[in-house]
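Only one structure is covered here, and it is reproduced in the block below.
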Amino acid sequence: MAKVITYEELKAHSTKDSLYALIHGEVYDVTKFIDEHPGGDDVILAEAGKDATQAFEDVGHSDEARDLLPPLLVGSFEKDGALKISDTKTPGSGASVSDAVEQGSNLMYFIPLTLLGAYFAWRFYGA
């Protein structure tokens with residue numbers, strides 16, 4: 001059974017000497033990785049003691065970066081604790097990007113077709 005990490009434990013591990021990162025409801029010990037992080041240690045330390053899911057996803061980490069996480073897993077974060085974790089989609093799902101593309105592609109076809117229809121209506125009925 002996976003270990004459950006409490007909010008107090010997460011806060012206790014929020015220094016450069018012992019750092020836990022909460023991403024997608026899972027807690028990772030990133031202490032050994034902090035000096036190797038391409039964005040620098042300040043970026044990770046800024047998210048210490050809180051849900052780092054949004055910050056992790058906003059950067060757009062590569063698949064290689066995501067593959068580094070499983071060996072660092074400490075356990076799952078408590079579900080009903082003092083810190084409410086974000087309801088962000090699962091890692092790598094790309095669902096928010098897919099939704100945006102679908103909405104954009106709908107407009108991409110609707111607007112030109114509407115303009116084309118208006119032009120033919122004007123030519124047929126107006127001229």
Side-chain angles (χ1 to χ4, degrees):
M1 185 169 178
K3 182 177 180 185
V4 176
I5 308 299
T6 64
Y7 181 51
E8 288 73 27
E9 288 178 90
L10 183 68
K11 287 193 311 185
H13 295 274
S14 60
T15 65
K16 190 172 181 175
D17 296 325
S18 178
L19 184 62
Y20 282 3
L22 171 60
I23 303 169
H24 294 291
E26 303 291 335
V27 178
Y28 301 93
D29 184 351
V30 295
T31 309
K32 294 178 183 174
F33 180 71
I34 194 165
D35 290 328
E36 300 171 23
H37 188 261
D41 57 357
D42 292 338
V43 176
I44 298 177
L45 287 168
E47 299 300 321
K50 58 184 176 180
D51 187 2
T53 302
Q54 191 65 42
F56 182 83
E57 291 301 331
D58 285 349
V59 171
H61 283 88
S62 65
D63 290 338
E64 290 81 14
R66 293 175 190 280
D67 290 341
L68 294 174
L69 288 176
L72 305 175
L73 182 66
V74 176
S76 298
F77 189 69
E78 62 182 342
K79 299 294 182 203
D80 298 321
L83 177 65
K84 300 298 178 199
I85 57 176
S86 65
D87 192 21
T88 305
K89 306 211 185 264
T90 58
S93 69
S96 60
V97 172
S98 176
D99 293 345
V101 168
E102 287 175 13
Q103 289 174 352
S105 64
N106 289 340
L107 286 177
M108 184 173 67
Y109 293 112
F110 179 73
I111 292 174
L113 288 175
T114 302
L115 292 173
L116 188 63
Y119 171 75
F120 282 119
W122 173 75
R123 292 290 294 167
F124 183 72
Y125 294 111

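All values reported here derive from a predicted model rather than from experimental measurement.
Y28 and V59 are members of different hydrophobic clusters when ILVMFWY side chains are connected at heavy-atom separations under 4.5 Å. Grouping the Ile, Leu, Val, Met, Phe, Trp and Tyr side chains by contacts below 4.5 angstrom, directly or via other members, places I23 with L73.
Side-chain contact between L22 and E47 is absent, with no heavy atoms from C-beta onward closer than 4.5 Å. Proximity of D29 to H13: side-chain heavy atoms (C-beta onward) are nowhere separated by under 4.5 Å. Under the 4.5 Å side-chain criterion, counting only non-hydrogen atoms from C-beta, H24 is in contact with E57. Counting heavy atoms from C-beta outward, F77 and E9 have side chains that stay 4.5 Å or more apart.
In terms of heavy-atom proximity, V43 sits nearest to G39 at CG2-O, 3.1 Å. Taking each heavy atom of L45 and K16 in turn, the nearest pair found is CD2-N, 3.8 Å. Closest heavy-atom contact between G49 and Y7: O-CE1, 3.4 Å. Minimum interatomic distance between F33 and L68 (heavy atoms only, all atoms of both residues): CE1-CD1, 3.9 Å. Shortest non-hydrogen contact noted between L10 and K50 is CD2-N, 4.1 Å. Between G75 and E26, the closest heavy-atom pair is O-OE1, 3.5 Å.
Looking at D17 and T15, their side chains never bring a donor and an acceptor atom within 3.5 Å of each other.
When atom types are taken as modelled, the side chain of T31 and the backbone of L19 share a donor-acceptor pair closer than 3.5 angstrom. In terms of modelled atom types and a separation under 3.5 Å, the side chain of E78 and the main chain of V4 share no donor-acceptor contact.
To the nearest 0.5 Å, atoms CG (D58) and NE2 (H61) are separated by 10.5 Å. In this structure, NZ on K11 lies 15.0 Å from CD1 on I5, to the nearest 0.5 angstrom.
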